[in-house]
Structure formats: structure tokens, C-alpha cells
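First up is the structure itself, then whatever we jot down about it.
To find a chain, count down the sequence lines: A is the first, B the second, and so on, and within it residues start at 1.
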Amino acid sequence: MPRRLLVTAALPYANGPIHIGHLVEYLQTDIWVRFQKLRGHRCLYICADDTHGTAIMIRARKEGRSELELIGEMSESHQRDFAGFGIEFDNYGSTHSDENRKICGEFWQALRNEDLVTERTVEQLFDPEAETFLADRFVRGTCPKCGRTDQAGDNCTCGHTYNPTDLIDPVSTLSGATPVLRESAHLFVELEKLHGFLNEWVAESGALQSETANYLKGHFLADELRDWDVSRPAPYFGFEIPDSPGNYWYVWFDAPIGYIASTQQWCDKHGEKLDDWWKSDECEVHHFIGKDITYFHTLFWPGMLKTAGYSLPTKVHIHGFLNVNGMKMSKRDGTLVKAETFLKHIDPAALRYFYASKLSSRVEDLDLSLTEFVDKVNSDLVGKVVNLASRVGKFAGQTGLSETYPDDGGLFEKAAAAGDAIADAYEQCEYAKAMRLIMELADAANPFVEHARPWEMKKDAERTDELRDVCTVALNLFRQLAVYLTPVLPSLAAACGELLDDPIVSWDQSQTPLVGRGVNKFKRMMDRVQLENLEKMIEESKAEAAADADVTDSPAPTFNDSDQPLKDEPLADEITIDDFMKVDLRVARVVAAEHVPEANKLLKLTLSLGGDETRQVFAGIKAAYEPEKLIGRLVVMVANLKPRKMRFGMSEGMVAASGPGGAEVFVLGVDEGAQPGQRVH
RNA sequence: GGGGCUGUAGCUCAGUUGGUCAGAGCUGGGAACUCAUAAUUCCUAGGUCGCGGGUUCAAGUCCUGCCAGCCCUACCA
């Protein structure tokens, strides 16, 4: 009896590229979906980009473009990355879609009708410069408890937790401005009214792993459920709440509804009814998510679904995080590898298999050890599975497959019988177990070829029938493995289908051997993974991280620069390189700086050109720089400027600076590593 | 501080309801073979199953105390 399944993976946020950590989930889900489809069930893999919220708004602003442009580009890059790893969605939507807006409205109305929405005034820090309210993570300041500076908005490294309003000297990370307290009206969902329902659902629906059910029971359900703040005041990139002008749905309100909206898009394209997928007892709904977003999917979301009359999740599959070499992924270590970067160096099939070999149904972090990755993929996939086909491929191309399946000592039959256990493991998301079972079969297959010695048969024309039989067995055992591995390795399945002119489309193909037909020319199916390539990948990631840091560390970069400076001071007449070379610019270190009492604008600087060479320079930067702060700095000076006698003494050069003057003066700096005395070319 | 999980051969892990359960793969060592991507096959690896108690005729397998690691969460179960 074919089942109907609607499967989702969490919606990736449109604020960054996909990395190998994300891929754990999308691959886990893709494998499950491919498995279900292979088993003959109707199954949809639904996903979308999560596009709303302050972070997107801010980023778009910084990059000087519209949110739509940003999320459009992100969606494209996400989908390209997913496709690169063989992740096949039935529909990939966006939370910023008409469908989503409409269904959000429907959910909202349902919440209103059930009297679950209440309004309250909230005091929140507001950035007067960026003109936006600040979530905790956009505020930093001094810890009120221990006095450490530059601490996060909600907690300090000393362990103390607080509200961002408690911070001493709070600063907005968006603009550097000092936030002010401002009131606004927020809308809340009174989740407590659904407490009874949630208690029951968590305990009895069977939708949650027991560890998760216990966690919820102990953490949230034990107390009164707090109201859930689902609105954000303008400006906010999202959907405005129809009955509350100036307020927008919080990104976590519309994100999960995006699952439904994306399904709606699929239905519209395929002439199906949404209700058959989301409001039918005949359809299972499975969510795959990471442990970090557990409560959104196990409390708020079921509450919303229940209220709006949609199906509750049949199962919420929660996975842990990815570590690399036993440690948290980090940009600095180059272990937070972007999907795109990975693809430049490594076959994605290798990652699919490795993750599969590590995943279980439990909420456990998994570790990607680079050496283990190489060993496992190479010995299991290349050494055992692919090798099975590779070693008889050439012969089989000439002999074809025997008319009847030969005696193989019960290997095929035994492996066929193992199919149920393997399928069960897939179904339970126990992929590691499935892979282990499959590799046991592969371990049994190679000795058959070894003992049959087909290479000897090849030399004897009279033994062609025997040779054909050996090839028939080896290729059928290989095909059986390929079928079992199809959810994990669609590329291998495709290669197998091509070799035998019989595409793998059904799990049942593992139960019957293929006989009495030709075999195509063998083509290499997979390359071994080289540790060097992984190392290159890590190095490249490090370099990317370093490049990113250069760009993002500078506060609030804006690229929509004004054209005023150029208008104020148009470009000078063209000169030749020789003209330029007449100006001798040198790197110099400020070794002394002091005020000149009688001067309004001047500082007296002593510049060192290295060694004993110093120059005394009067610079008109008094309004912009404190003398003490200049000492030690490297600057650029015009070193061959004719000395000029000033009222306060000789000035033996000029410090290069830009700006109209007054406080608006900016001394040219030099990157670290420059030496005083070096000429600027 | 609380809660959860884990602790089995160098590494990654299997070990159902307690009784050939002390295992597999990889690595290492030895040998064979050459069809295959220096792939494969055969032999070999002597780990007090974290430590101490307890229940039982019998315990990696149940109970308990301790130790270690990981995850979650923090004045709250």
C-alpha cells in the first residue's frame, strides 16, 4: 500500500551560503525521500529559502541594494549548491511569496478567531541611526556584573546573563550608535492556552524522539508557557500584519508556514490539491530539522497547525550538529567549508556516503574526521562496491549476462533477504546501520570473484560460459548493492543503470537478478578521495574566511558613496609618470607630536625616516587628532618638499591626508609591515 | 548547579527481551593473486567490554555508587 508523504527540511536563511554543516540535514532528508520514492511511495521533498527578518534587511542595506535582489541571488546560490550535491527538491520556494503571504493570513485569522492573540507594549532598544529596533544580538556593551567591555546583548563571558537594556554603554553593532529605549506594541500568541494540547501531543503522538519529548516536558511544558512575540514593528523586511498596520510577522512566524506555501506552489504546478497533502489523514508530514530549532517545531508550530486546522507532523526528525576533526566548525580553521568550495575539490557522492555512514535517528552531533572520511569512502565505496563492477566490467562487456542466473552459493538470495532489514534501517533514519548492513554484503561479494578466478577463464576460449557466469554473478551482486545504495548514491545508481541498460527505479530490483542481456562498455564510476584535496579545500576555506573578515570587520560598510568630494575638488590635469616621480613620498613614523600653543590648526610632528633621519613637520590636523594618539603611527609624508619657514619654525615636509579640513582630516595610514623610509611608488 | 547521552581491540563502531557475545570494518603484521582505481583474497590482531559494589545458577547486557567525555539548560524542572 503506497503511502503519501510530505517531507520538509528546514528553510535555509537567505543571509549566507550553504556549508557542509547545513548539508547534513539536506542530505539526510534527501536520502530519506529518495528511499521512499524508490519504495514506490508518493513523496514530496519541500523546501524554500527563509528570507525575512532584520538580518536580511540590514545586510541588504549595507550592500546598498534591495532585499529582493539579495534574496533572489541567495536563493539561486542555495539551489545551485543543493543541486551540486544531488539534493533534489520537488519544490523550492521562498517565504517571500504570494502563497506564503496568503497562508500566513489564514493562520493569523485562525489564531485571532481562537482568541489566541494579545497585544502588549514592549520596551526595546532602538538604534536611532539605523532606525530599527535591535534584537539582542545586535547590541554589545559592558557587562553590568563584571565590567567586561564589548559583551553580547544577552550574556557575558563571565557567565552572567542580563537584558540588553542592562548593559552599560550599549552600542548598536549596526551603526555604532548608542541605542535608546523605545516602546512599541507587539502582538503575542498565548501559547499557554494550548498547553493541554501540547502536553498530549508531545507525550502521545509519537512524533518526537523520546529524548526530545523528555526535554520539552522538563524544560517548557513543566511551567506555564510564555506568550510568543510574533510581531515586529517597522522597519522590518517581511509581511505586514493585515489587521495591525505598521507591524510585521516575526520571521519565525512565517518561516514554517513557508513549508505549506512551497507545497502550494507545487500543487499549482501539478494540478493537485493542497488539502490532500496538508489536511489529510492519508498523508504523513515529516519535518527534518537541527536541534537548534527544536522548540519552534515542537511547540509553536504544532500549536499553529492545530489552530489553523492543518495536519500535525507525523514525525519531527531532529539531528545534531556537525563537527570537523572533533571540533566545532570554524572559519578561522577553514573547517566551515562552503558547499561550493567542497565541490571544487571533492566528489559530493563521497560526502553523501560519509554522512550516511554516520547518521542515526538520535539527536547526536556527528564528526567529520578528514582521515576517517578518506579511509571510509575509499575502502567501502571504491575498494569494495565499485571494485566489484570494475574487476569484471571489461570481461562482461564481451560476454554479456548468462541466460539464467548461475549458482553463486546463495549470495544473491541472501543479499535479497537482507533487503527488508536495510529498508527498515532507512525508514527509521538509521542510515549508519543501513550502510553497515550493505557493506557486509559487499564484503561477501568480492571473495566470490576472487575464488572463481575469471582472469584464468579469460585465457581459455572454451571457458567463455564460465566466465559469463562469473560476470553475471558479480554484476548482479554489484547491482544489488547499487539499488540498496541508491538513496545515498544516486550517481552510482545511474552509472549502474547505464552499464546494464536498466535504470534503477525501484527497490524491488534488488530482489531479482538481471539475466540474458548485454553489458555496456564499462566506465569508471568513482574516483578515490585524496587527502591532499581535502587539505586544499581546508586551505581555500581559510583563505575565503580571511578575505571575508577584511570586508565585514570594517563597521557598516556602505558603498553608495557620495559624489560630493569629487565635485568639490575636480580631478587635476593629467601628468606623466615622470611628473609623479618628482614627488618623493616616504613612509615615516611619528616619533613626537605636540600642540603649538600659538597655532589654531597646527600640530608639530617629528617624523622619523628610519635610523637618525628625522624631519620636523607642521601639520594642519589639530582639530582632528590628539597628539598622543599619533605617536608611533606610520604616516605618508612628502619628503622632498622644499622646507618652508613658518612662524613657529621650519616645516620640512608634509603629511599626506585627505578631507576638506578642520575636523574632517584623515591622515593616510600604511598597512602593517611597512618600514619608515620606504618610498611610496 | 540541574537534565540527557556516551564510555567494548590503535581508529570507527555492532552487540536484540541477561546464558558460545567477547565481534565487524579500517589500520598494523605475514602470505597469495593480478581481473580491478598500489584495488582484491587468505591468515593474524590476545581488548579485565571506564572503575567499584549488588541482583542472578548466569551480566558489556539489569540495579547502584564513582570517574571521564559530549550535548542541552542554566538559580529552573
### Task
Using a 4.0 Å heavy-atom cut-off across all strands, classify G218(A) as base, sugar-phosphate, or nothing.
base
### Query
Heavy atoms under 4.0 Å, any strand shown: does V386(A) hit a base, just sugar-phosphate, or nothing?
base
### Message
Whether K376(A) contacts rG25(B) is assessed here as follows: a side-chain N or O lying under 4.0 Å from the phosphate OP1 or OP2. Is that the case?
### Response
no
### Message
When you compare the side chains of H319(A) and Q28(A), does any donor N or O come within less than 3.5 Å of an acceptor on the partner?
### Response
no
### Message
Just the rounded figure in Å: distance from P of rU37(B) to CZ of R524(A).
### Response
6 Å
### Message
Using a 4.0 Å heavy-atom cut-off, does D443(A) contact any base of the nucleic acid, only the sugar-phosphate backbone, or nothing at all?
### Response
sugar-phosphate
### Message
Taking any heavy-atom pair under 4.0 Å as a contact, classify E372(A): base, sugar-phosphate, or nothing.
### Response
sugar-phosphate
### Message
Applying a 4.0 Å non-hydrogen cut-off, can you work out what N387(A) is touching in the nucleic acid: base, sugar-phosphate, or nothing?
### Response
base
### Aromatic plane relationship, F220(A) with Y215(A) - under 30° parallel, 30 to 60° tilted, over 60° perpendicular
perpendicular
### Positive for ring-ring contact (aromatic ring centres under 6.0 Å, His included) with F354(A), one of F373(A), Y431(A), F342(A)
F373(A)
### Message
Could you tell me how far apart Y431(A) (OH) and rC13(B) (P) are, to the nearest whole angstrom?
### Response
19 Å
#### Entry: Nearest-Å distance for atom pair CD/P, residues Q209(A) and rC71(B)
18 Å
### Task
Looking at every strand, decide which applies to K458(A) at a 4.0 Å heavy-atom threshold: base, sugar-phosphate, or nothing.
nothing
### Query
Is it true that D365(A) and K291(A) make a salt bridge, defined as a side-chain N closer than 4.0 Å to a carboxylate O?
yes
### Query
Closer than 4.0 Å, any side-chain N/O of K217(A) to the OP1 or OP2 of rG3(B)?
no
## Note on the structure
Assigned chi class of rG60(B) under the 90° convention is syn
#### Entry: Separation of rC72(B) P from K291(A) NZ (nearest whole Å)
4 Å
### Message
Classify the ring geometry of F253(A) against W228(A): parallel below 30°, tilted from 30° to 60°, perpendicular beyond 60°.
### Response
tilted
### Query
Rounded to the nearest Å, what distance is computed from the CG atom of residue D380(A) to the P atom of nucleotide rA24(B)?
16 Å
#### Entry: Charged N-O contact under 4.0 Å between K542(A) and E539(A)
yes
### Task
Answer with base, sugar-phosphate or nothing: what part of the nucleic acid does V392(A) contact at a heavy-atom distance below 4.0 Å?
nothing
### Separation of atom CD in E456(A) from atom P in rC35(B), rounded to whole Å
10 Å
### Test: K433(A) and E430(A) ion pair at under 4.0 Å
no
### Intra- and interstrand pairs of RNA chain B - dot-bracket, Watson-Crick/G-U under 3.5 Å, | marks other strand
(((((((..((((.........)))).(((((.......))))).....(((((.......))))))))))))....
### Message
What contact category does R528(A) fall into here, base, sugar-phosphate, or nothing, at under 4.0 angstrom with non-hydrogen atoms?
### Response
base
